[in-house]
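Some notes on the structure that comes next.
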Number of protein chains: 2
Amino acid sequence: MKYSKATNYALHTMLHLAVAAPDKPVGVQQLAEQQHVSPTYLSKILTKLVKEGMITSASGANGGYSLVPHWKDISFLDIIHAIEGKSSLFDCDVTHGPGCLIQEAMVSAEEKMEEALRNQTIAEIAKKMTVD
Amino acid sequence: MKYSKATNYALHTMLHLAVAAPDKPVGVQQLAEQQHVSPTYLSKILTKLVKEGMITSASGANGGYSLVPHWKDISFLDIIHAIEGKSSLFDCDVTHGPGCLIQEAMVSAEEKMEEALRNQTIAEIAKKMTVD
DNA sequence: GCGTGATTACTCGGATACAAGATGTCCGAGTTTGAGCGG
DNA sequence: CCGCTCAAACTCGGACATCTTGTATCCGAGTAATCACGC
């Protein structure tokens with residue numbers, strides 16, 4: 001069980017956009033260089049963020065990706081869900097009656113983590129970065 | 001990001017041992033039937049639990065797996081760590097200065113979940129099952 | 001000066017290749033129980 | 001009744017086979033800004 005690298009790339013890209021250029025579009029090449037990823041792969045990841053409405057993409061010359069106006073509301077959980085999906089971490093597919101107590105316990109613990117991630121915004125981290 | 005089926009099998013096996021036979025050894029075939037897994041695969045999983053000291057295995061006729069004496073202290077987190085490993089869910093391998101704030105935020109959230117799992121014991125669930 | 005077209009710098013999306021890990025199977029080896037058998 | 005042997009029922013562990021998923025690349029298509037050219 002690991003978070004995928006794609007999630008890591010997505011989080012770092014969001015943070016970079018927030019710190020460096022909250023309004024101007026940034027090309028995928030520039031973003032890719034900073035994280036040592038291939039531009040095409042990063043583009044594939046960012047497409048997911050576009051579909052979830054966290055960033056917008058501008059085609060053509062001087063194009064690139066930029067944050068949406070309400071970007072300060074975006075939490076870690078939003079980004080993670082966009083990349084990893086929204087399904088639960090644990091699936092009890094054993095057929096043993098209606099309610100699986102193990103499933104309930106696991107989901108309950110998972111929600112603790114999600115709550116923490118929901119209260120953690122990119123804007124907060126970006127602020128720490130600029131102060132530093 | 002998903003918990004593996006192996007973790008699911010391990011949790012269910014532990015629960016079953018706790019409910020049905022806290023002291024007598026149970027054969028791997030019987031355990032496998034209830035979860036619709038092949039005995040050899042389940043055996044491979046249970047070997048990990050043996051190495052982590054949560055169950056013991058008895059060879060020979062009437063052999064099988066049984067819980068260790070202090071099984072009431074075993075938490076969900078112990079079992080998960082035995083199967084999934086103890087490493088963090090998130091690795092920021094981007095080279096950008098010493099402390100990655102994203103990494104810190106992720107680990108912090110992860111610890112919330114681990115705390116919940118550490119406080120959830122198999123014995124608790126087993127008790128609910130028998131009352132029911 | 002101004003419109004028009006070509007060029008350039010981008011993103012988008014699908015198809016594909018590759019690697020790693022999860023999942024599952026097979027088989028030989030070792031171990032304990034218990035039954036059978038001979039003394 | 002005792003002790004020996006042997007078979008049966010198990011687990012153990014490594015070596016495979018398979019399948020899914022994450023990771024990454026390639027390429028053609030579309031799009032917008034910019035530049036060049038001709039009127």
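Naming convention: chains lettered A, B, ... in sequence-line order (proteins, then strands); numbering from 1 in each chain.
- The residue among A:Ala61 and A:Lys5 whose nearest nucleotide of DNA chain D lies closer to the 5′ end is A:Lys5.
- OP1 or OP2 of D:dT25 has not a single side-chain nitrogen or oxygen of A:Tyr41 nearer than 4.0 Å.
- Checked against side-chain hydrogen bond (donor to acceptor under 3.5 Å, both in side chains), A:Ser43 has no partners two or more places apart in sequence or in another chain.
- The nearest whole Å value for the distance from the CG atom in B:Asp91 to the P atom in C:dG21 is 12 Å.
- Nearer to the 5' terminus of DNA chain C, by closest-nucleotide assignment, is the contact made by A:Val50 (compared with the other of B:Thr7 and A:Val50).
- Counting to the nearest Å, the P atom of D:dG13 and the CD1 atom of B:Ile45 are 15 Å from each other.
- Comparing A:Ser59 and A:Lys44 by the nucleotide of DNA chain C whose heavy atom lies nearest to each, the residue mapping closer to the 5' end is A:Ser59.
- B:Lys2 places its NZ atom 12 Å from the P atom of C:dT23, with the value rounded to the nearest Å.
- Of the candidates C:dG13, C:dT33, D:dA24, C:dT33 carries the atom nearest the B:Asn62 side chain, counting heavy atoms from C-beta on.
- The CD1-P distance, from B:Ile83 to C:dT23, rounds to 10 Å in whole Å.
- Heavy atoms of A:Tyr3 sit nowhere under 4.0 angstrom from any nucleic acid atom.
- The residue A:Ser4 sits close only to the backbone: its heavy atoms come under 4.0 Å of sugar-phosphate atoms, none of a base.
- Note that CD1 of B:Ile55 is 8.0 Å distant from OG1 of B:Thr47, once rounded to the nearest 0.5 Å.
- Salt bridge status for B:Lys86 with B:Glu52: present, with a side-chain N to carboxylate O gap under 4.0 Å.
- Atom C1' of nucleotide C:dT11 and atom CG of A:Leu46 are separated by 11 Å, given to the nearest angstrom.
- Side-chain atoms of B:Glu84 and B:Ser4 form a donor-acceptor pair, as typed in the model, at a separation below 3.5 Å.
- Residues passing the ring pair (Phe, Tyr, Trp, His ring centres under 6.0 Å) test with B:His12 are A:His96, sequence neighbours excluded.
- In this structure, B:Glu33 atom CD and D:dC10 atom P are separated by 11 Å, rounded to whole Å.
- The separation between A:Leu42 atom CG and C:dG13 atom P is 15 Å, rounded to whole Å.
- Closest to the B:Tyr65 side chain, of the nucleotides D:dT11, C:dT11, D:dT25, is D:dT11.
- Distance NZ (B:Lys48) to C1' (C:dG24): 13 Å, rounded to an integer number of Å.
- When each of C:dG24, D:dC27, C:dC26 is scored by its nearest atom to the side-chain atoms of A:Thr40, the top-ranked nucleotide is D:dC27.
- Under 4.0 angstrom from either OP1 or OP2 of D:dA24 there lies no side-chain N or O belonging to A:Ser38.
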